[in-house]
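Accompanying notes for the structure given below.
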Number of protein chains: 4
Amino acid sequence: MIRAAVFGAAGYIGGELLRLLLGHPEVELTAAVSSRFPGKRLDSVHPNLRSATDLTFTTPERADDCDVVFLATPHRSTMDLVRHWADRTDLLIDLSGDFRLRDPDVYRRYYGVPHEAPELLDRFVPGIPELHRDRLRTARLISVPGCMANAAILALHPLAARQLALSPVLLDGRTGSSGSGASAGDSNLHAERSGALRVFAPTTHRHEAEVAQHTGLDARMTATGVEAVRGVQIVCHAEVPEGVEERAVRAAYREAYADEPFVRLVAHKRGTYRYPEPKILLGSNYCDIGHVWDGGARRLVVVAALDNLVKGGAGNAVQCLNVRMDRPESYGLSFPGLHPV
Amino acid sequence: MIRAAVFGAAGYIGGELLRLLLGHPEVELTAAVSSRFPGKRLDSVHPNLRSATDLTFTTPERADDCDVVFLATPHRSTMDLVRHWADRTDLLIDLSGDFRLRDPDVYRRYYGVPHEAPELLDRFVPGIPELHRDRLRTARLISVPGCMANAAILALHPLAARQLALSPVLLDGRTGSSGSGASAGDSNLHAERSGALRVFAPTTHRHEAEVAQHTGLDARMTATGVEAVRGVQIVCHAEVPEGVEERAVRAAYREAYADEPFVRLVAHKRGTYRYPEPKILLGSNYCDIGHVWDGGARRLVVVAALDNLVKGGAGNAVQCLNVRMDRPESYGLSFPGLHPV
Amino acid sequence: MIRAAVFGAAGYIGGELLRLLLGHPEVELTAAVSSRFPGKRLDSVHPNLRSATDLTFTTPERADDCDVVFLATPHRSTMDLVRHWADRTDLLIDLSGDFRLRDPDVYRRYYGVPHEAPELLDRFVPGIPELHRDRLRTARLISVPGCMANAAILALHPLAARQLALSPVLLDGRTGSSGSGASAGDSNLHAERSGALRVFAPTTHRHEAEVAQHTGLDARMTATGVEAVRGVQIVCHAEVPEGVEERAVRAAYREAYADEPFVRLVAHKRGTYRYPEPKILLGSNYCDIGHVWDGGARRLVVVAALDNLVKGGAGNAVQCLNVRMDRPESYGLSFPGLHPV
Amino acid sequence: MIRAAVFGAAGYIGGELLRLLLGHPEVELTAAVSSRFPGKRLDSVHPNLRSATDLTFTTPERADDCDVVFLATPHRSTMDLVRHWADRTDLLIDLSGDFRLRDPDVYRRYYGVPHEAPELLDRFVPGIPELHRDRLRTARLISVPGCMANAAILALHPLAARQLALSPVLLDGRTGSSGSGASAGDSNLHAERSGALRVFAPTTHRHEAEVAQHTGLDARMTATGVEAVRGVQIVCHAEVPEGVEERAVRAAYREAYADEPFVRLVAHKRGTYRYPEPKILLGSNYCDIGHVWDGGARRLVVVAALDNLVKGGAGNAVQCLNVRMDRPESYGLSFPGLHPV
């Protein structure tokens, strides 16, 4: 059994990690660390775990004796934790924003503060199995991408790898309210957030920097909060270089993802669910991707969807764990999603 | 013009008062008092007022020179305000819970604290035009009932007045999230409150005491938060005395409300909207009421619905103002609601 | 492997059966029968199955060679299917309403038509493991209860078994839109059904007959459609016989369900999720039950919640299958639900 | 009084016209024509009109004697109606798609069928008061734009008029379910449409042709159905010509809309509602517009929002009526919207 500890276990990403790890056939959850609720039962905060565990939140010490440390803690405060754990554990998987950007100057630009542990940045392997599976097999420090970033990177990577898209690429990101976390403020009160179509980041959302880093494309993201608790959808608008034909695009996606267990190509001519839609992905680890070719305009529209707490966070982290620990990648991640929902 | 001041103007009931008073043909809004946002524009908090007013929130002094003071402030803190204003204004309309219950012992039982101004309780006229129109015409102090209480009182009053229902009466109250106010806590975060069916008061909700007071019936309320921002629905289950026939019930409702401008009887055999439903009442001052006769069981099911911020609060208060000031009752209250919505 | 066929596989209950059976470690799905979509891929109707299966909908003949037949077909038309299959399969599990009521007269009263196969009624074992586990072990014909009925039966059974509740019992049922099925009409259009609080059955909902049959209590149900796709919640109001004390009630629930894998007792003094709430049960097979004692009034309020398509239908059917086939009861039913959601 | 007839009165746009016309101080509703519900009360279909009118739906003859005919009928079938009425009424206001595009070839391309009354196209004045107020004062035939088109045209017009945006312009349109109409099909069932993020038109949505026609810009629209009944939001991504500075953009918007009664400029640095959001516009006739300057990238993001049934349809039509009949433009359109909602 793999002994696992989760920091930030009372948050939404943390709670999703608890759910997935408790259902994982080869993981033992040894510590769920929360500074806000030490001693309280996990299910007092995450009621879906009511019959799954009798564990209580603990203080950090309990994490000492484990095989993998997950950090689902806020950015900035995570840097200290990483410094502490970097050489004290065989495997650290960070889900915060702190070690996603390789360049500390880019971090400062997007996060507004200087990076306090730049010496560690190079040691992290990006937690994107579809792009870095081999490096993940031996990684000691893994940084899982942001939820919208992951969807956009998976949507654009096949194009970027074969020079099938020109910069700039416009990214229209839509996200549910759970992305704001369990400590969100007044603007996330139900009466305010319900039914929202809230353009909260018309330009320069942090996740665009990750997309640029991983695809080499100049990505420009507009982000809107939509009426949903879970779910992210990204619509990418890309111009195609002259001479490129649709079959090249089609082939790029097919070849990139034919063997991927958690990426599905979804683009249908008929039916209700023709393009990727997050609601049927609730709780699942899939990222669905579909593209539309607008030949006359030499333009591609690519749609990607995922559950921000699963493939956009905790599920992706567990997939990385499985790769790293040489377990079947779908261990603990078999829930397919619901319909209708 | 009637000069009006609103205390608690940054809250949800307060904001609804602002909307209604700004649209009232014979009211001038002279002061919108908020301790949290003095100096800020009203529309910075209530964005629906963007083109309706350039006013800013003020401190209490600005209310001195007005004809009517509305208190949309939290219970307990309202007692001091009432003491201050009771003899300084010709008309005070209180929307808090502090002066709804005539008996200070009942107040203590339901609110958990002693009443601090019991000497003023008798001076208040209940803000229920359908029951107390004549007294309202000369009232100086008016206490508007709670949102669920108002729906239940209007649903049960015709039965109670003619001894057509036996105690106890079960009240199943369902309410949207705006009833928790603009300062609600973590359990009202969108991610927690969305899609809720939250039995937050299985027994002894405060509003049942108001229902008992106004109908003489032993009312027992169970309250559930439902997925909605606005809207209250009450389902009343009452046993009927032996010998009572349906036509007596039907007549009671018809005669009680035939001339009421804001009560509609809604009970249809066919169609999608057969019984009262709050969503088509958003923004309107109607209380819809419908009853179903279960003859075999000598049982009545009565359904009532309203918008908690309008007929359940601010709109009802404006209707009281119109009665008191001898204006047409529908002034400022003509919005009929939307369909679909 | 257990070979399973599903009739009505394009419906919502049918689709949920497909999801659960495809994820069951000892079931092979051999036929998904749909008269509307023969030849189409299952995932063209149920997009959550996209990577789970390449099967297509089939005509009935394909069901001939299987170990268990599930009927998720509309009431009335199911009678013919049952007649056909009753002696042609070792195990038939019916999820329609046709064989839930033992008494054909009660059927006629609640369904408005005469029962056409009354001779088969006695051969069915009710699909309620918590009440009939032993009989289910050898059953050949199983009839799974209605979604609201199951919640209410599980809520009331411990009381009924020990004479801790008096008739009549009021049942307030709330249900999401998926209960209306995949062929629902205009009143289920999103623009009409969204945000609904629709009292669609103020009295005499069909499920109350099942509750009466299984508990011996005179059950009276009022049913309301609420804003949700999945989920059922029942609030039961019961009077308690004189002399009964709360600890007897508490003991009744504890003893009835201590060893039940899919019933949880949920009633907390604090926290956001104090009583059973369906949203955290999406996709799970739990029925959560909590009671509140209103001692002064000798009254109990019992709240039950479940996912209507799982514990209220397909999941309950799979649990019955597991009991009957001597497999662990939780096989295929391990998904715990999500938070937040 | 202006005597008005509405065709297609049982639809969603038609129903909204009824609501607005019944509340208009100088309009008398003389005929509500519906082929589906002749003889039924208007409020049997539109329950929000319950106390507003006792009228019933009529056959077309009743429209003969009126001053204005509104057509809220499906495209294609509207052509015949227009042919019939074009010379029989002083004023015809068409809300269908049939006479929005001046060029019959463009119509054929976007609607897939030839135009059957091309000779009438030139006689229509576009129902956009902000662009064509003077022509509307004397118009006999008015064609109101599509809901998403109107939002996009108002968002882009100030830029287009001063050459402040380059082609192509990307338009990301988001729309609620009421845009699909009261006769929508299975994919609009609540259980399917709820929580949707449905990219139903990744490219070449019909409304983009209207935007191109009115702005001269090459508009490319992607349209997504979102969880809402009412509401449209458009996010426009435009490149700015070299040398253009932000203040020119700011001035363009200010000057274009300073005196417009129903366009508001909304772009704030702080607060929950910083950019246009449809939910606070429910029932109101406002179109809110806000822009964000991304100087480094010479790029503008412009956000527009409106209620698709009001400023995106019926309200806009009533505003045109007011202009044409020389009434104050806000007659019948004074509802400001709600908060919270």
Side-chain angles (χ1 to χ4, degrees), chain B residues 168 170 172 174 176 185-204 218 220 222 224-233 235 237 239 267 271-280 282 290-297 299-303 305 339-341, chain C residues 168 170 172 174 176 185-204 218 220 222 224-233 235 237 239 267 271-280 282 290-297 299-303 305 339-341:
Chain B
L170 287 186
D172 196 84
R174 298 98 181 254
D186 278 3
S187 64
N188 276 278
L189 265 187
H190 181 269
E192 304 292 345
R193 184 61 175 71
S194 176
L197 272 174
R198 191 157 296 161
V199 181
F200 66 93
T203 63
T204 59
D218 177 10
R220 296 177 186 172
T222 296
T224 304
V226 299
E227 171 55 65
V229 171
R230 288 175 180 238
V232 152
Q233 187 185 57
V235 181
H237 300 273
E239 202 182 337
T272 298
Y273 297 89
R274 283 178 288 158
Y275 297 104
E277 201 161 328
K279 75 171 189 159
I280 60 163
L282 291 190
H291 77 271
V292 184
W293 174 259
D294 186 356
R299 190 168 73 102
L300 273 179
V301 177
V302 189
V303 183
H339 171 259
V341 72
Chain C
L170 287 187
D172 196 85
R174 300 96 183 254
D186 279 2
S187 64
N188 276 277
L189 265 187
H190 181 268
E192 306 292 346
R193 183 64 174 70
S194 176
L197 272 173
R198 192 156 295 162
V199 181
F200 67 93
T203 62
T204 59
D218 177 10
R220 296 178 186 171
T222 296
T224 303
V226 299
E227 171 55 64
V229 171
R230 290 174 179 238
V232 153
Q233 186 185 58
V235 181
H237 300 273
E239 204 183 333
T272 297
Y273 297 89
R274 281 178 289 157
Y275 297 103
E277 201 161 330
K279 73 170 191 161
I280 60 164
L282 291 190
H291 77 273
V292 184
W293 174 260
D294 185 356
R299 190 167 73 101
L300 272 180
V301 177
V302 188
V303 183
H339 172 260
V341 71

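Order of the sequence lines sets the chain letters (A, B, ...), proteins ahead of strands, with each chain counted from 1.
- What you find for C:Ala191 and B:Pro340 is that their closest heavy atoms are O-CB, 3.5 Å.
- For B:Pro168, no part lies near chain C; criterion is any non-hydrogen pair under 4.5 Å.
- Using a 4.5 Å heavy-atom cutoff, the side chains of B:Lys279 and C:Glu227 are not in contact.
- Taking C:Ala196, C:Ala228, C:Gly271, C:Gly290 one by one and counting their heavy-atom pairs under 4.5 Å with chain B, the maximum is reached by C:Ala196.
- Within the 4.5 angstrom heavy-atom criterion, only backbone atoms of B:Val341 (N, CA, C, O) approach chain C.
- Note: B:Val199 leads B:Val301, B:Val199, B:Val292 in heavy-atom pairs under 4.5 Å with chain C.
- Contact count versus chain B (heavy atoms, under 4.5 Å) is highest, among C:Ser194, C:Gly185, C:Gly231, for C:Ser194.
- Interface summary for chain B: among C:His339, C:Glu192, C:His237, C:Arg274, the most heavy-atom pairs under 4.5 angstrom belong to C:Glu192.
- Remark: B:Asp172 CG to C:Thr224 OG1 distance equals 7.5 Å, nearest 0.5 Å.
- Proximity to chain C involves both the backbone and the side chain of B:Pro202, based on heavy atoms less than 4.5 angstrom apart.
- Put simply, the side chain of C:Gln233 gets close to the backbone of B:Leu197: a donor and an acceptor are under 3.5 Å apart.
- For C:Thr203 and B:Arg299, the side-chain atoms include no donor-acceptor pair closer than 3.5 Å.
- Figure legend: B:Arg198 and C:Tyr273 shown as a cation-pi pair, the cationic atom lying under 6.0 angstrom from the six-membered ring centre and within 45 degrees of its axis.
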